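What follows is one structure encoded as structure tokens, with my remarks underneath.
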There are 2 protein chains.
Amino acid sequence: MSAPTIRDVAARAGVSKSLVSLVLRGADGVREDKRRAVLAAVEELGYQPNAAARSLSERRTRTVGVLLNDMRNPWFVELLDGLNRRLYDAGLRMLLADGHLNRHLGEDLAHTFTELHVDGLIAVGTLPDPGVLRRAAGRVPTVVASAREPVLPAVDIVANDDVIGARLATEHLIGLGHRDIAHIAGQGAVGELRRRSFEATMRAHGLADSAVVEQGDLTEEGGYRATVRLLSRVHRPTAVFAANDMTCVGALSAAEETGLTVPRDLSLVGYDNTYLSRLRHLWLTTVDNASEEVGRRAAQRLLERIAEPGRAAAVDLVTPFLEVRGTTGPPPSGG
Amino acid sequence: MSAPTIRDVAARAGVSKSLVSLVLRGADGVREDKRRAVLAAVEELGYQPNAAARSLSERRTRTVGVLLNDMRNPWFVELLDGLNRRLYDAGLRMLLADGHLNRHLGEDLAHTFTELHVDGLIAVGTLPDPGVLRRAAGRVPTVVASAREPVLPAVDIVANDDVIGARLATEHLIGLGHRDIAHIAGQGAVGELRRRSFEATMRAHGLADSAVVEQGDLTEEGGYRATVRLLSRVHRPTAVFAANDMTCVGALSAAEETGLTVPRDLSLVGYDNTYLSRLRHLWLTTVDNASEEVGRRAAQRLLERIAEPGRAAAVDLVTPFLEVRGTTGPPPSGG
DNA sequence: GGCAGTCTCTGGAACGGTCCAAAGAAGGGC
DNA sequence: GCCCTTCTTTGGACCGTTCCAGAGACTGCC
């Protein structure tokens with residue numbers, strides 16, 4: 001009843017278990033007739049190697065764990081695609097776990113992964129508890145993708161360059177003729193980088209005085225509320241740069257509810273180029289954070305760190321680009 | 001350098017490895033001073049049990065694999081939540097893999113999971129290749145969640161009741177006074193159930209002649225195109241019931257592009273109650289497919305099947321309900 | 001025929017846990 | 001003091017692989 005083992009295969013093929021092992025690992029120096037006999041036995045018995053036994057013996061799992069911060073906000077799918085492609089080529093499998101799902105259960109997912117003795121760990125986005133990552137990084141090669149924190153001794157960081165991204169968005173609006181531009185800020189290190197770059201860009205164009213910042217929380221609701229606040233000001237901005245697409249969607253709702261037409265009365269720019277922004281009905285101008293490339297490079301960094309665990313931590317920034325769609329245009333008064 | 005093992009802990013605590021094992025598994029009949037010594041040693045060494053060794057010895061992994069069909073369409077997040085909660089209580093961990101990500105790599109993820117010797121497998125949504133599931137189900141207890149296929153001997157199915165859901169949506173529109181109602185159909189078994197129920201409901205209300213069906217493909221693009229076709233008919237429908245939210249968003253775009261105001265000129269109903277439909281800017285009337293409950297029950301079924309692998313396959317349907325939001329209203333001519 | 005050198009193949013020792021039968025310690029009754 | 005029980009603790013077998021040293025078989029050369 002229970003699954004066949006390598007010994008069953010060996011018995012069936014009339015060889016030793018060692019030879020079966022050799023055949024399955026593709027070693028050369030095995031006579032063709034024996035190789036065939038082994039493969040036939042494998043086929044007949046439906047044999048599948050036991051990953052646990054293998055990893056116990058090999059002392060590695062050929063598996064990397066990927067920690068997601070929240071699957072509800074699916075900006076990371078392309079990142080995973082990039083990651084997976086590169087890791088797969090290197091013979092590594094990818095297992096996912098969502099921190100948000102398990103948070104309320106009080107479980108430390110990184111812990112699950114270190115128990116599994118994964119060969120590496122990738123944290124995607126900013127995790128709620130930096131301690132988790134610090135502890136995990138002490139045990140297993142770790143890379144942070146698409147976040148700028150936590151900064152830890154042996155943990156590489158791969159992300160898009162938020163300074164450039166925010167500048168692209170802001171200069172796009174300035175280029176269209178906007179002067180009164182607001183920013184709805186995000187949270188954490190990434191939020192701060194985007195906000196500062198927005199401010200710096202406005203300053204560089206002599207628009208420091210007409211730059212406004214409202215705090216958001218990266219959710220639609222937060223974007224909506226922040227925009228309501230912005231639009232109730234005496235001096236209304238003619239354009240809003242939102243810290244992410246979700247926020248931007250909230251801003252869009254608030255604008256239309258106030259009777260403004262986007263982009264005629266108000267221009268909006270998001271960030272991340274999620275599939276949300278690509279929905280025809282939303283069609284947001286946004287900054288593409290080069291997710292897939294971030295994923296590929298994160299995988300690369302992880303492979304390097306697995307090969308050489310002691311190397312110094314690196315920060316690897318990918319250049320984002322602007323994706324102009326339907327929510328931006330010249331300001332109402334003609335600039 | 002390498003991770004401490006149970007023997008290191010035993011040596012440090014001055015006891016045998018067996019005793020360490022007993023303490024860690026919470027056995028009683030261990031003297032308090034020894035228990036403390038062991039726990040102290042564990043703490044000092046930062047010992048973590050090796051999951052591979054444990055599962056090899058215990059002959060189970062306390063892990064279930066979850067196969068997702070496509071993370072890009074995140075209707076399943078709440079389902080995972082329900083699943084995870086129940087499985088966690090039963091001492092099982094959940095590992096995710098996305099079939100879509102790996103498809104082009106030609107990898108059989110179910111294979112990865114069976115190699116890992118997971119204790120169970122849950123397929124979420126309809127998987128591209130039914131053969132994958134058939135093979136996997138021969139090795140490990142398997143449950144399909146939120147799909148109606150493939151139907152296999154020892155595989156339970158848990159899903160929302162599409163017949164009821166489609167009827168709710170259709171009757172909602174009829175109740176508002178609509179008579180010319182179109183359906184944009186989905187694919188596979190689920191698509192067929194929804195379409196047939198739509199048709200049956202129309203028939204039951206004597207509206208068989210004014211029921212129209214256009215084929216979609218569950219994507220925004222498909223919904224858009226189908227709606228363009230619908231709206232270019234001589235006799236335009238006043239309401240559209242879309243097979244899922246994504247399709248409905250496409251329909252929304254097509255409607256507005258045609259100059260129609262939703263819901264004044266055209267009513268729209270989606271299906272799944274994804275967070276998309278909850279975005280203020282879309283605010284779709286939709287059928288809630290009770291995802292979380294489906295997840296909980298799927299977990300329950302899996303636990304039962306793990307306990308008793310031979311039991312007959314069951315189909316467990318959860319009752320969906322209507323979520324009325326902003327895209328439905330009375331027909332233009334007043335009904 | 002003997003011997004070195006290849007080429008194939010094999011048995012047994014890991015890997016790090018769990019489990020179990022049995023050993024050892026402690027306590028009670030005579 | 002001895003035997004019997006009960007309570008704790010232990011050594012060793014085992015889970016299913018990989019890895020390695022070395023065993024056999026065969027070849028070619030002197």
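Below, chain A is the first sequence line, B the second, and so on; all start at residue 1. On a predicted model such as this, the values are computed, not experimentally measured, just so you know.
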Please list, for nucleotides 6-10 of chain C, all pairs of protein and nucleotide N/O atoms separated by less than 3.5 Å.
unit_1: C:dC9; atom_1: OP2; unit_2: A:Arg31; atom_2: N; d: 3.0
unit_1: C:dT10; atom_1: OP2; unit_2: A:Ser16; atom_2: N; d: 3.0
unit_1: C:dT10; atom_1: OP2; unit_2: A:Ser16; atom_2: OG; d: 3.0

Could you check whether [Y] and [X], counting side-chain N and O atoms only, form a donor-acceptor pair closer than 3.5 Å?
| X | Y | value |
| --- | --- | --- |
| A:Arg25 | A:Ser21 | yes |
| A:His111 | B:Gln48 | yes |
| B:Asn289 | B:Ser291 | yes |

Taking 4.0 angstrom as the limit, do B:Arg305 and B:Asp156 come out as a salt bridge?
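Yes, charged N to carboxylate O under 4.0 Å.
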Check this for me: does any side-chain nitrogen of one of A:Asp81 and A:Arg85 sit under 4.0 Å from a carboxylate oxygen of the other?
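Here A:Asp81 pairs with A:Arg85 in a salt bridge, since their nearest N and O are under 4.0 Å apart.
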How many Å lie between CD1 on B:Ile6 and C1' on D:dC14, as a whole number?
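Distance, rounded to whole Å: 15 Å.
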Tell me the interatomic distance from A:Arg7, atom CZ, to C:dG11, atom P, rounded to whole angstroms.
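From A:Arg7 CZ to C:dG11 P: 11 Å.
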Counting heavy atoms not belonging to B:Arg36, are there more than 12 under 6.0 Å from its CZ?
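Check fails, neighbour count at 12 or below.
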Hey, which of B:Leu121, B:Thr142, B:Thr61 is the one that makes side-chain contact (heavy atoms from CB on, under 4.5 Å) with B:Phe113?
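Among the candidates, only B:Leu121 passes.
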Do A:Leu80 and A:Leu96 touch side chain to side chain, with heavy atoms closer than 4.5 Å?
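Sidechains of A:Leu96 and A:Leu80: in contact.
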So among B:Glu304, B:Arg296, B:Arg297, which one has a side chain to side chain donor-acceptor pair (under 3.5 Å) with B:Gln300?
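For B:Gln300, the side chain to side chain donor-acceptor pair (under 3.5 Å) test succeeds with only one of B:Glu304, B:Arg296, B:Arg297, which is B:Glu304.
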Donor-acceptor under 3.5 Å (B:Asp129 side chain, B:Gly131 main chain):
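Looks like yes, one N/O pair under 3.5 Å.
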Which residues within residues 39-62 of chain A lie with some heavy atom under 4.0 Å of an atom in DNA chain C?
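Contacting residues: A:Leu56, A:Ser57, A:Arg59.
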Looking at five pairs on each end of the helix from C:dG1-D:dC30 to C:dC30-D:dG1, what is the angle between the two axes, given to 10 degrees?
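It works out to 70° between the end axes.
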